[in-house]
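Here is the naming used below: chain letters follow the sequence lines, and residue numbers restart at 1 for every chain. As the structure is a prediction and not an experimental result, all values here were calculated from the model.
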2 protein chains.
Amino acid sequence: MSRNKREELIRNALKIFYRNGFNATGMDLVAKESGVSKTSIYNHFRTKDELILAVLRLRDENFRDWLFRRMEELSAAPAGQLLALFDALEEWFAEDGYQGCMFVKASAEFQDADNAINRQSYAHKLLIEDHLTQLADAAGYATPRAIARQLLILKEGAIVLSAMSHDKAAAQQAKAMAQLLLRVD
Amino acid sequence: MSRNKREELIRNALKIFYRNGFNATGMDLVAKESGVSKTSIYNHFRTKDELILAVLRLRDENFRDWLFRRMEELSAAPAGQLLALFDALEEWFAEDGYQGCMFVKASAEFQDADNAINRQSYAHKLLIEDHLTQLADAAGYATPRAIARQLLILKEGAIVLSAMSHDKAAAQQAKAMAQLLLRVD
DNA sequence: CCTCACATTGACTGATCGGTACATATTTTT
DNA sequence: AAAAATATGTACCGATCAGTCAATGTGAGG
């Protein structure tokens, strides 16, 4: 299996894990849906956990790329981008097959604090928080770290509720609170 | 098995499911940790899903009882109770073995929109939203439903982040935003 | 054309999954 | 106390779990 075949396998596993969950998805299914044998998978990943970690790495990359780019497209100013976060989220919530945040779900299924999957899931959130902190700093807020953390709370709350309610409205409801927080009514 | 034995079984299953996750926990483990045979469990619950639903019913009852009572203890006024929500959450986050919201995790593991476990998990959130709506109404806010929904977003965001970061700080960070929303600085 | 290295496979492992059949207590009713 | 009904434990079901292995296919270098 070539390098791009390996990437394709990870992409495929991502789709299946996102749709079915991690523990609920067997490696036999991943192999079948990817059109390869289980042995081929285990030639590239020593364990199922390693495959999951590779999937989460890809997801982290894809999601942050998409989100930050979309925020930039929606606004040139840093403060505007912080608000645009919620407009981007709304677009995501409206997508077909939207099932909430993959990292929240990974963290829910692998709860041990010292588990690699659990740690990597939280690392994704920290990377997003870092980006928000930089934007809040560039926008001139006195406590950029605190602002970023609070926006992250709004983001996670909107994601969880939109996934549970199958309703994208949480994005704009969270945005309204972000406007209060950022004092840009 | 008597009625209270049945309740004890549900209580026991709740602990195990909360600690281990739903799919990751086998019925053999539930039986062993409860000190009964699998047959006894299946005499009371036709399937594992039914046991999970019973567990979620108990959890919903326990959690709402505790949360609403604690909010009342912390403040007599409706608006004060809305803010006290986050002080109560902080106490919960600091508890030993805190692992986030059981309903969010259930919803993450059973994602189908028509799944009974998924629907019951969201129903729990709606019951909390209802209570917040009543409080917001009693406090005299013009749009109690919208206020309740936004507080729910703050609550869920704080729960998810505190679980992932193993840090209770999210409660007070969410409370700060609630103060902006409720205009009670 | 042949060989060697490697990718890939189907068949398999022991363990565990949710769930059950049946024989054996245990309790309730008469 | 006898009989009926209920609760329980043991031992098992086929399916699936993560993971492995010997055998086969394949492509490059000589």
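- Look at CZ on F45(B): it is 14 Å from C1' on dA7(D), rounded to the nearest Å.
- For DNA chain C, none of the residues of residues 107-120 of chain B falls under the heavy-atom distance limit of 4.0 Å.
- For the side chain to side chain contact (heavy atoms under 4.5 Å, CB included) with V30(B), the qualifying choice from V55(B), N12(B), L51(B), N20(B) is L51(B), the only one to do so.
- Cation-pi check for R59(A) over F103(A) is not met; the charged atom does not lie both under 6.0 angstrom from the ring centroid and within 45 degrees of its normal.
- More than 12 heavy atoms of other residues, nucleotides or ligands sit less than 6.0 Å from atom NZ of K175(A).
- dT8(C) atom P lies 12 Å from atom CZ of R6(A), rounded to whole Å.
- One atom, NZ of K48(A), and another, C1' of dT16(D), lie 11 Å apart when rounded to the nearest Å.
- Using a 4.0 Å cut-off between charged nitrogen and carboxylate oxygen, R145(B) and D130(B) count as a salt-bridge pair.
- A heavy atom lying under 4.0 Å from DNA chain D marks the following residues of residues 12-29 of chain A, by number: T25(A), G26(A), M27(A), D28(A).
- Ranking dT8(D), dT9(C), dG19(D) by closeness to the K38(A) side chain, first place goes to dG19(D).
- Of the candidate nucleotides dG19(D), dA7(C), dT10(D), dT10(D) has the atom lying nearest to any side-chain atom of T39(B).
- In this structure, the OH atom of Y42(B) is 13 Å from the C1' atom of dC13(D), given to the nearest Å.
- Atom NE2 in H44(A) sits roughly 7 Å away from atom P in dA7(C) (whole-Å rounding).
- Rounded to an integer number of Å, the gap from CG of N43(B) to C1' of dT6(D) is 8 Å.
- Under a hydrophobic clustering in which Ile, Leu, Val, Met, Phe, Trp and Tyr are joined whenever their side-chain heavy atoms come within less than 4.5 Å, directly or via other members, F93(A) and F63(A) fall into the same cluster.
- In plain terms, the two heavy atoms of F68(A) and L127(A) that are nearest each other are CZ-O, 4.4 Å.
- Under the 4.0 Å criterion applied to side-chain N and carboxylate O atoms, D65(B) and R69(B) are not assigned as salt-bridge partners.
- A single hydrophobic cluster is seen to contain both F17(B) and L58(B), as judged by linkage of ILVMFWY side chains at heavy-atom distances under 4.5 Å, directly or through other members.
- At the phosphate of dA18(D), neither OP1 nor OP2 sits under 4.0 Å from any side-chain N or O atom of T47(A).
- A salt bridge is defined here as a Lys NZ or Arg NE, NH1 or NH2 lying under 4.0 Å from an Asp or Glu carboxylate O, and K125(A) with E156(A) meets this definition.
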